[in-house]
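All of these numbers come straight from a predicted model, not from anything done at the bench. Just so it is clear: chains get the letters A, B, ... in the order the sequence lines come, proteins before strands, and each one is counted from 1.
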Amino acid sequence: QVQLEESGGGVVQPGRSLRLSCGASGFPFSAYAMNWVRQAPGKGLEWVTVISSDGSDNSYSDSVKGRFTISRDNSKSTLYLQMNSLRPDDTGVYYCARGGRGLRGHFDYWGQGTLVTVSS
Amino acid sequence: DIVLTQSPGTLSLSPGESATLSCRASQSVSSGYLAWYRQKPGQAPRLVMYGTSSRATGIPDRFSGSGSGTDFTLTISRLEPEDFAVYYCQQYGSSPPLTFGGGTKVEIK
């Protein structure tokens with residue numbers, strides 16, 4: 001069955017960096033776009049970024065553009081999110097989610113999330 | 001960017017009743033590419049509906065979706081205990097950002 005498992009969350013000071021990973025199994029990882037979605041404590045869902053199936057294309061929300069970088073290693077079935085210049089408002093649970101065949105698509109499988117806390 | 005507005009913010013209903021959730025877009029959602037997700041406390045979201053009216057795997061036929069253009073509806077008939085949660089709509093018809101609505105909480109009355 002399809003499984004997505006995030007890791008790499010933790011407590012980090014403002015201005016520092018963190019890299020999240022999302023390991024995938026149970027489906028042909030290289031055939032699907034992948035997304036990161038976050039949720040601040042007690043708030044709604046916020047789409048963060050998407051990467052195409054082959055890694056050649058991506059898009060970011062305005063709130064993270066220039067600070068976050070999405071990447072993937074299809075040989076390892078792993079998705080990454082490099083987060084630099086972190087701010088307190090980046091705090092929340094980060095989910096990876098499987099998208100469609102292109103950058104646009106609904107998210108049919110989600111990981112359980114990893115908590116990122118940005119605080120001094 | 002397309003902004004999605006969900007209403008009401010909270011629905012207080014009893015098991016067995018029906019729920020009608022609304023999602024309004026600031027501009028037309030291309031090809032009806034509108035999805036709904038359910039999120040229970042402490043859990044990841046789960047896809048409920050996609051393409052406006054297609055139920056996701058494992059979702060019972062008590063759930064139905066409708067709408068077009070800028071107005072979309074998720075209807076849940078005969079509410080069961082597992083249906084009480086927060087529901088989010090999302091559009092994926094235009095280029096990213098793939099925006100979410102603010103959510104509707106369906107709570108037990």
hydrophobic_cluster_shared for Val48(A) and Leu4(B), side chain cutoff 4.5 Å
no

So, for Val37(A) and Phe100(B), which heavy atoms are closest and what is the spacing to 0.1 Å?
CG1-CE1, 4.0 Å

Check the surroundings of atom CZ in Arg24(B): do more than 12 heavy atoms from other residues, nucleotides or ligands lie under 6.0 Å from it?
no

Expected contact set for residues 68-81 of chain B against chain A at heavy-atom separation under 4.5 Å reads none

With 3.5 angstrom as the limit, list the donor-acceptor pairs from chain B to chain A, or say none if there aren't any.
| from | atom 1 | to | atom 2 | distance (Å) |
| --- | --- | --- | --- | --- |
| Tyr37(B) | OH | Phe107(A) | N | 2.8 |
| Gln39(B) | OE1 | Gln39(A) | NE2 | 2.9 |
| Gln39(B) | NE2 | Gln39(A) | OE1 | 2.9 |
| Gln39(B) | NE2 | Tyr95(A) | OH | 3.4 |
| Tyr88(B) | OH | Gln39(A) | NE2 | 3.4 |
| Gly93(B) | O | Arg104(A) | NH1 | 2.2 |

With a 4.5 Å cut-off on heavy-atom pairs, point out which of Pro45(B), Gly42(B), Gly103(B), Pro97(B) contacts chain A the most.
Pro45(B)

With a 4.5 Å cut-off on side-chain heavy-atom distances among I, L, V, M, F, W and Y, is there a chain of contacts connecting Leu4(A) to Ile51(A)?
yes

Are Phe68(A) and Val118(A) joined in one hydrophobic group, where the rule is that I, L, V, M, F, W and Y side chains link up if heavy atoms are under 4.5 Å apart?
yes

Answer with yes or no whether the hydrophobic clustering places Val2(A) together with Phe107(A); edges join I, L, V, M, F, W, Y residues whose side-chain heavy atoms lie under 4.5 Å apart.
no

Shortest non-hydrogen contact from Gly105(A) toward Leu98(B):
O-CD1, 4.3 Å

Tell me whether Val50(A) is reachable from Ile70(A) by hopping between hydrophobic residues (I, L, V, M, F, W, Y) whose side-chain heavy atoms are closer than 4.5 Å.
no

Atom group of Ala44(B) that falls short of 4.5 Å from chain A, counting heavy atoms:
both

Counting heavy-atom pairs closer than 4.5 Å to chain A, which one of Ala56(B), Gly101(B), Gly93(B) comes out on top?
Gly93(B)

